[in-house]
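One structure is given here, and the rest of the page talks about it.
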2 protein chains.
Amino acid sequence: METAGQTRAQACGQLPVEHGDFVREVIDRVGDKWTLLVIANLRDGPRRYSQLQQLVPGISQRMLTLTLRQLKDDGLVTRTAYAEVPPRVEYALTSLGASLLDTATALIDWATANHAAIRDNRLKRPSGRA
Amino acid sequence: METAGQTRAQACGQLPVEHGDFVREVIDRVGDKWTLLVIANLRDGPRRYSQLQQLVPGISQRMLTLTLRQLKDDGLVTRTAYAEVPPRVEYALTSLGASLLDTATALIDWATANHAAIRDNRLKRPSGRA
DNA sequence: CCGTATCCGGGCTGATACTG
DNA sequence: CAGTATCAGCCCGGATACGG
């Protein structure tokens, strides 16, 4: 289907924004409330469930589980369960997940660098915002 | 809450993922359904309202307006209305918006390059997902 | 320790209709 | 052309309680 489609899409030097469908599908995933943060926290290697819960401040068990499962289903992380007495489960990025890590990091960096400016602007130009 | 607790959480040259708050606030904005696509479509210069509506396939008037207004409030785009007989309004990226463009483009590129792989993985490893 | 299941509310979203 | 207004639906996401 799209194996060759995307190749020629950007042949003109433009961004392949035209396939809003694919992009939105992925952005919707990546751009949801926690995914990016979880991925970013796996940058330094495998993490345990409880570790991630601490690393991502406000996340609930439900959301962590859901995010992790989704990530695993999408092939971005691996899940390894050790059948030990105190159960231990580790999550790690796959190569696919790692490839997203760069972009994710960039986005987080941008957010960190510019969130103050955004807030500032938002206060200055109230055009009906809540 | 976590007002002071997270501030000193890092300090070792790591990514500032610890400020999940700011990051999430921005990611939530940027990562919503349409923002990224709209921004990407402003890469080549100012666009008119109706142009954007065509450029972003499935977007509704409501969502385009909302996204645009939000973007304007956040200082990522400018809105210029020309008092002409057929009303004309143009939207353009600010420097702040342009600085996000790089990252946005990277994310879109990633999505374009890997959406097939993700779909593939999703079909192969059903752990309860559709 | 690592999840899962259920309840439930809020906000985002789309469709439609109307205005300057 | 470029919005605004309203309504109804759906999914996200948090809290809680329970299972392996």
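If you're wondering where the values come from, they're calculated on a predicted model, not measured in any experiment.
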Quick check: any donor-acceptor pair below 3.5 Å linking the side-chain of B/Arg62 to the base of C/dT16?
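Counting by modelled atom types and ignoring angles, no donor-acceptor contact under 3.5 Å is found here.
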
Mark yes or no for a side-chain to base donor-acceptor pair under 3.5 Å between B/Arg69 and D/dT4, with no hydrogen or angle criteria applied.
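Counting by modelled atom types and ignoring angles, no donor-acceptor contact under 3.5 Å is found here.
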
For [X] and [N], give me the distance from atom [atom1] to atom [atom2], rounded to whole Å.
| X | N | atom1 | atom2 | value |
| --- | --- | --- | --- | --- |
| A/Lys72 | C/dC2 | NZ | C1' | 14 Å |
| A/Leu64 | D/dG14 | CG | P | 11 Å |
| B/Tyr49 | D/dC1 | OH | P | 12 Å |
| B/Arg47 | D/dA2 | CZ | P | 13 Å |
| B/Asp28 | C/dG11 | CG | P | 13 Å |
| B/Gln61 | C/dT13 | CD | C1' | 14 Å |
| A/Met63 | D/dC12 | CE | C1' | 7 Å |
| B/Glu84 | D/dC1 | CD | C1' | 11 Å |

Given A/Thr105, which partner from the list A/Thr103, A/Asp109, A/Asp102 fulfils the side-chain contact (heavy atoms from CB on, under 4.5 Å) test?
A/Asp109

Could you work out, with side chain to side chain contact (heavy atoms under 4.5 Å, CB included) as the rule, every residue matching A/Leu36, not counting sequence neighbours?
A/Val30, A/Ala104, A/Leu107, B/Ile27

Partners passing side chain to side chain contact (heavy atoms under 4.5 Å, CB included) against A/Ala92 (at least two apart in sequence or in another chain):
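Checked A/Ala92 against side chain to side chain contact (heavy atoms under 4.5 Å, CB included); matches are A/Pro46, A/Thr78.
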
For A/Arg29 versus A/Thr35, what's the shortest heavy-atom pair and its separation?
O-OG1, 3.2 Å

Selection from [options] that lies nearest to any side-chain heavy atom of [X]:
| X | options | value |
| --- | --- | --- |
| B/Arg88 | D/dG14, D/dA2, C/dG14 | D/dA2 |
| A/Ser60 | C/dG14, D/dG14, D/dG13 | D/dG14 |
| B/Pro87 | D/dG14, D/dA17, D/dA2 | D/dA2 |

Atom [atom1] of [X] and atom [atom2] of [Y]: how far apart are they, to the nearest 0.5 Å?
| X | Y | atom1 | atom2 | result |
| --- | --- | --- | --- | --- |
| B/Leu42 | B/Leu100 | CG | CG | 11.0 Å |
| A/Thr67 | A/Asp32 | OG1 | CG | 5.5 Å |
| B/Asp74 | A/Asn121 | CG | CG | 7.5 Å |

Considering only nitrogen or oxygen atoms on both sides, find all protein atoms under 3.5 Å from nucleotides 9-11 of chain D and state each distance.
none

When B/Gln51 and A/Gly58 are each assigned the nearest nucleotide of DNA chain D, the 5'-most assignment goes to B/Gln51

For B/Arg48 and D/dA2, is the shortest distance between a side-chain N/O and OP1 or OP2 below 4.0 Å?
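Yes.
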
Taking OP1 and OP2 of D/dA2, is either one under 4.0 Å from a side-chain nitrogen or oxygen of B/Ser50?
yes

What's A/Tyr82 touching, base or sugar-phosphate or nothing? Going by heavy atoms closer than 4.0 Å.
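Since no nucleic acid heavy atom lies under 4.0 Å of A/Tyr82, the category is nothing.
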
